[in-house]
Protein chains: 2
Amino acid sequence: MRRPTLEAVAARAGVSRATASRVVNGQTTVAPHIRDAVLRAIDELGYVPNSAARSLVTQRTDSVALVVSEPGTRVFSEDPLFSTAIRSALVELEAINKQVVLMLASSPKSHARVERYISGGHVDGVMLLSMHGADPLPSALSRLRVPVVSYGRPAVPVDIPFVDNDNVGGAEAGVRHLVETGRRRIATIAGPQDMIAGQDRLAGYRNVLRDSDRRSIVAVGDFTRESGAIAMRQLLGDDPALDAVFVANDLMAVGALQSLRQAGRRVPDDVAVVGFDDIEAAKYTEPPLTTLRHPMAEQAAAMVRLLLNLFEGGPTDPIILPTELVVRESA
Amino acid sequence: MRRPTLEAVAARAGVSRATASRVVNGQTTVAPHIRDAVLRAIDELGYVPNSAARSLVTQRTDSVALVVSEPGTRVFSEDPLFSTAIRSALVELEAINKQVVLMLASSPKSHARVERYISGGHVDGVMLLSMHGADPLPSALSRLRVPVVSYGRPAVPVDIPFVDNDNVGGAEAGVRHLVETGRRRIATIAGPQDMIAGQDRLAGYRNVLRDSDRRSIVAVGDFTRESGAIAMRQLLGDDPALDAVFVANDLMAVGALQSLRQAGRRVPDDVAVVGFDDIEAAKYTEPPLTTLRHPMAEQAAAMVRLLLNLFEGGPTDPIILPTELVVRESA
DNA sequence: CTCTCGTGAGAGAGCGCTCTCTCATCACCC
DNA sequence: GGGTGATGAGAGAGCGCTCTCTCACGAGAG
């Protein structure tokens, strides 16, 4: 009991396969009464085109790969960045009838898998959610002559269109807020330095401290809550008198708040805290977190548009989305 | 400049296309020296099989659809349930070389899209992350004669293999813990009653209250933090003397904790709180949350195995995974 | 009334692969 | 030495579709 073919539809409608194909593909060179007959046959038979056959001849697949290159299970599952970006990209792509193949590229083995798959012509394009600098994927894929776009600026200089948020400017705004509210000893919990977001947000912090003649106090985390808690303890050891901390993402800020609480510090009275990303959880910390809104969904949507432009020859200049300071109670 | 075909490989290796195909597909009936010649040709040409051509003849696609049926943007992005389950399923499927097509089925329009796609034979099977009872998808897909499995028991009685966690037993264990620690007025913030998880966890709560001769105090949320906060305020209005609350998921518990704080209630001194799921964030609330561990990743992995069994004729009985009480400081 | 041109429909090749069928070859045994 | 069977390799059909090429037909022009 196999699915009806175009042949069957054509036979039922009393036309040739070519004509049936014309109707299916919406060509206008078909007389109305014939078109109706074909459509009726399609309906009656429950015909659905075989995509393998179609893409065999058209050389298109109408699907794109979304490659997520994040080794850490915890980060992937816990950081709303990924789910938000994936969901937004999905919605955008479904709107233009493209399928999304989701792939993980965490180990060298899976890298090979991804490369093989992509070069197998299964997809018309690739969207890369790759955060790590050492990641060989951006350059590998750009060599494959497949349209590739990136969510976030690739850490290695490679000619791939990308969309990023203004990490440096956002960090500057956050730290400037601390300076302007009279904080003197402003520490930071930086993100991983093999990620652009980690590097740029630290750069922003340094820029403002330099200009405002303050000493930088740095601990490094890996964007997880736990690393934020550990880094905060370390900072309190390094400089017990610190009165503010700029944390490179909200997840780490959550951990930092816990460490501050355990150390008996009041927030914001003793120590002001500014996060980054404005995830939903930031509204529910004690106290609610002052942070920088990172437009993750918009970023993903813009990435999809960039990929489309790559297909259709539109502009593919990098896009940098602005961030916005959201002042709550922690600073 | 198109990709090399099997024909080209065969020509270069000096064999027929059929023999080259045998080598590619790992058949053993090829003499070693010929196999080597073919492999060398493949390597030199950088040959990658054309999957469209292959699945056109084999009628297989080596890919499965992962259909996420969750209308709420916020829930999808914020609840680690989705990202954890998706990631785990992805890892399991990549291990057996299956591709994953991720699809959203939130609106009636996208339902039609999904159905059309599935019935188009693009995928060998479907995994359903559908939580809502009114969801027409499970029955629609089961009619399509495509292998389907479900993450979570489908809300409508439909003959689909599924994996779930022990919602009732978990809720009972959580509430029993509250009873055993001497709480008298135990309220609950239930999940949406059109979801099995919402229904079953409420049922578990009711079971224990009934047996321990306590009155039930119920508010209903929708599994978001915000709804938890609202429900908690409502409960405090309904019964200011309540001394415990069982919250149907951790996200809502986070919101509830905030409302309790704002109402000046100390946790656990005045009000004990038990959540459900044991998400990472549960360790970072103030105070850390006592909750029930819901093995989301294992559940997804088991679902993948179930789908495999469906392909290969193994057992496809429903699987119920146990939950475990994790006692922290909130109760 | 013939010629040209536009329009709508059919014929048929071919996308790249798998797989059955067929055949050649060789070892083995009586 | 001829028959038998196992083994390895090739020929070729065909998966379901698109798309070019061709052609039939009718309208309009000369």
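So that the names make sense, note that chain A is the first sequence line, chain B the second, and so on, each numbered from 1.
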Take B:Val100 and A:Val101 through the test side chain to side chain contact (heavy atoms under 4.5 Å, CB included) and record every step on the way to the result.
CA-CA 6 Å; B:Val100 180; A:Val101 177; 5.8 Å; no
What parts of residues 7-17 of chain B reach DNA chain D, counting only heavy atoms under 4.0 Å away?
B:Val15, B:Ser16, B:Arg17
Starting at the 5' end of DNA chain D, which residue's closest nucleotide do you reach first, B:Ala18 or B:Gln59?
B:Ala18
Walk along DNA chain C from 5' to 3' and tell me the first and last nucleotide with an atom closer than 4.0 Å to a non-hydrogen atom of chain B.
C:dC15 to C:dC19
Note: contacts of residues 114-125 of chain B with DNA chain D (heavy atom, under 4.0 Å) are none
When the nearest nucleotide of DNA chain D is assigned to B:Thr19 and to B:Leu56 on a heavy-atom basis, which residue is associated with the more 5' position?
B:Thr19
Do the side chains of B:Asp62 and B:Lys98 get close enough for a salt bridge, i.e. N-O under 4.0 angstrom?
yes
Quick one: which residue pairs count as a ring pair (Phe, Tyr, Trp, His ring centres under 6.0 Å) with a foot in residues 76-102 of chain A, not counting sequence neighbours?
A:Phe76-A:Phe82
Not counting sequence neighbours, which residues clear ring pair (Phe, Tyr, Trp, His ring centres under 6.0 Å) with B:His122? List them please.
B:Tyr117
For B:Arg12, enumerate each residue passing the salt bridge (Lys or Arg N to Asp or Glu O under 4.0 Å) test, keeping only those at least two apart in sequence or located in another chain.
B:Glu44
Greater than 12 external heavy atoms within 6.0 Å of B:Asn97's CG:
yes
Would the distance check show the side chain of A:Tyr47 and the main-chain N or O of A:Ala8 forming a donor-acceptor pair, the cut-off being under 3.5 Å?
no
Using only heavy-atom distances, determine whether the side chains of A:Gln59 and B:Arg3 contain a donor-acceptor pair under 3.5 Å.
no
For B:Ala41 and B:Val9, which heavy atoms make the closest approach, and how far apart are they?
CB-O, 3.7 Å
What's A:Ala31 touching, base or sugar-phosphate or nothing? Going by heavy atoms closer than 4.0 Å.
sugar-phosphate
Correct closest heavy-atom pair for A:Arg153 and A:Ile196 would be O-CG1, 3.3 Å
